[in-house]
Amino acid sequence: MPARWLMKSEPDVYAFADLVRDGRTHWDGVRNYQARNMMRDAMAIGDLVLYYHSNTNPPHVAGVARVCKEGYPDHTALDPSSHYHDPKATPENPRWIMVDIEPVVELVQPVALNDIKNDPYFEGMPLVQRGQRLSIQTVDEHHFRRILELGGLDVHDLLGEDA
DNA sequence: GCCAACGTTGGC
DNA sequence: GCCAACGTTGGC
């Protein structure tokens with residue numbers, strides 16, 4: 001069973017529509033060890049991702065993406081001209097890791113953070129926990145499915161299951 | 001723009 | 001290894 005994830009992006013920086021336009025992207029710029037470790041150790045090709053828009057009103061899940069390349073060095077850490085440059089990164093020890101993702105489908109209806117917060121079904125989901133800032137989070141299967149439903153998608157169809 | 005929560009840095 | 005200072009995240 002592939003794992004389920006949630007990845008945050010500010011739509012002004014890189015929205016789900018940008019991912020759809022590009023067809024695929026490097027998830028560069030992650031500079032948090034917990035998030036890095038998940039990309040390095042746990043994310044696998046085929047894993048599905050809830051694409052979450054943060055720092056927008058309202059914050060919401062916008063679409064579904066899929067991991068299409070597993071963890072490898074984030075070259076922006078080595079690039080002095082990059083906003084994500086890290087002087088402590090070296091080619092021998094690149095320090096930061098990224099994965100590639102590709103779009104699967106946009107939600108028919110975006111699922112707002114508030115709707116997730118107000119639904120007891122999502123109790124315990126990291127996204128709604130106080131102080132949770134991680135830009136990459138694991139998502140339980142039942143939470144994942146419920147988000148897709150609320151987003152107006154056919155879950156069985158999307159996951160390739162018999163109805 | 002505010003600020004709570006949290007992570008990182010670096011002096012000691 | 002402690003912890004104060006500082007930076008970032010991200011909802012509101």
Side-chain angles (χ1 to χ4, degrees), chain A residues 3-22 25-43 47-67 70-101 103-104 106-140 142-152:
Chain A
R4 313 300 189 196
W5 307 93
L6 179 143
M7 297 170 95
K8 297 181 186 174
S9 182
E10 301 189 19
D12 288 349
V13 176
Y14 197 80
F16 187 73
D18 296 317
L19 179 62
V20 170
R21 178 199 63 210
D22 295 342
T25 198
H26 323 287
W27 205 252
D28 59 9
V30 172
R31 296 293 178 266
N32 171 283
Y33 288 109
Q34 259 182 282
R36 179 204 67 181
N37 293 348
M38 285 192 270
M39 289 196 288
R40 186 188 61 192
D41 305 331
M43 294 183 88
D47 285 357
L48 292 180
V49 175
L50 297 175
Y51 197 105
Y52 179 85
H53 284 166
S54 64
N55 246 306
T56 188
N57 192 13
H60 60 275
V61 178
V64 181
R66 182 192 294 116
V67 176
E70 294 178 7
Y72 64 107
D74 178 346
H75 55 78
T76 63
L78 298 169
D79 177 1
S81 70
S82 169
H83 177 245
Y84 298 122
H85 178 237
D86 178 352
K88 291 182 180 166
T90 65
E92 297 73 37
N93 180 13
R95 193 151 128 130
W96 300 111
I97 295 289
M98 60 188 179
V99 297
D100 288 2
I101 62 171
V104 175
E106 185 175 17
L107 296 195
V108 177
Q109 326 238 7
V111 179
L113 176 61
N114 209 255
D115 294 334
I116 299 173
K117 276 190 170 166
N118 290 335
D119 186 340
Y121 190 82
F122 293 108
E123 250 178 45
M125 190 178 181
L127 185 68
V128 301
Q129 272 162 34
R130 225 170 81 100
Q132 179 54 267
R133 299 182 316 175
L134 264 194
S135 63
I136 302 180
Q137 306 179 358
T138 58
V139 178
D140 289 348
H142 68 290
H143 288 153
F144 183 83
R145 286 172 180 261
R146 183 72 182 132
I147 298 273
L148 299 189
E149 277 177 21
L150 293 173

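- Nucleic acid contact for Arg95(A): sugar-phosphate only, since backbone atoms but no base atoms lie under 4.0 Å from a heavy atom of the residue.
- Two residues, Gln34(A) and Asn55(A), neighbour DNA chain B, and the one matched to the more 5' nucleotide by heavy-atom proximity is Asn55(A).
- Summarising the geometry, the separation between CD on Gln132(A) and P on dG11(C) is reported as 11 Å, rounded to the nearest angstrom.
- Nearest nucleotide to the side chain of Arg130(A), out of dA4(B), dT9(B), dG7(B): dA4(B).
- Between Tyr33(A) atom OH and dT8(C) atom P there is a gap of 15 Å when expressed in whole angstrom units.
- The distance from atom CG of Asp12(A) to atom C1' of dT9(C) is 15 Å, rounded to the nearest whole Å.
- Comment: Asp86(A) does not engage Arg31(A) in a salt bridge, judged by the lack of any side-chain N to carboxylate O separation of less than 4.0 angstrom.
- Applying the 4.0 Å criterion to OP1 and OP2 of dT9(B), one finds that Lys88(A) has a side-chain N or O inside that range.
- Rounding to the nearest 0.5 Å places CG of Leu6(A) at 10.5 Å from CG of Leu134(A).
- Across the protein-nucleic acid pair, Asp86(A) atom CG and dG7(C) atom P stand 16 Å apart, rounded to whole Å.
- Looking at Tyr84(A) and Asp79(A), their side chains never bring a donor and an acceptor atom within 3.5 Å of each other.
- Between Tyr84(A) and dT8(C) there is no side-chain N or O to OP1 or OP2 distance below 4.0 Å.
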_With ring-ring contact (aromatic ring centres under 6.0 Å, His included) as the criterion, how do Trp5(A) and Tyr51(A) come out once you've worked through the C-alpha distance, each side chain's angles and the decisive distance to 0.1 Å?_
CA-CA 9 Å; Trp5(A) 307 93; Tyr51(A) 197 105; over 10 Å; no

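- Below the 3.5 angstrom threshold, one finds a donor paired with an acceptor across the side chain of Arg133(A) and the base of dT8(C).
- We find that CD of Glu10(A) is positioned 8 Å from C1' of dT9(C), with the value rounded to whole Å.
- For the OP1/OP2 pair of dG11(C) and a distance below 4.0 Å, the side-chain nitrogens and oxygens of Lys8(A) include no atom meeting the criterion.
- At whole-Å resolution of the value, CG in Asn57(A) and P in dG10(C) are 16 Å apart.
- Distance CG (Leu134(A)) to P (dA4(B)): 21 Å, rounded to an integer number of Å.
- Distance, Asn32(A) CG to dC6(B) P: 13 Å, rounded to whole Å.
- Between the side chains of Tyr121(A) and His142(A), not a single donor N or O lies within less than 3.5 Å of an accepting N or O.
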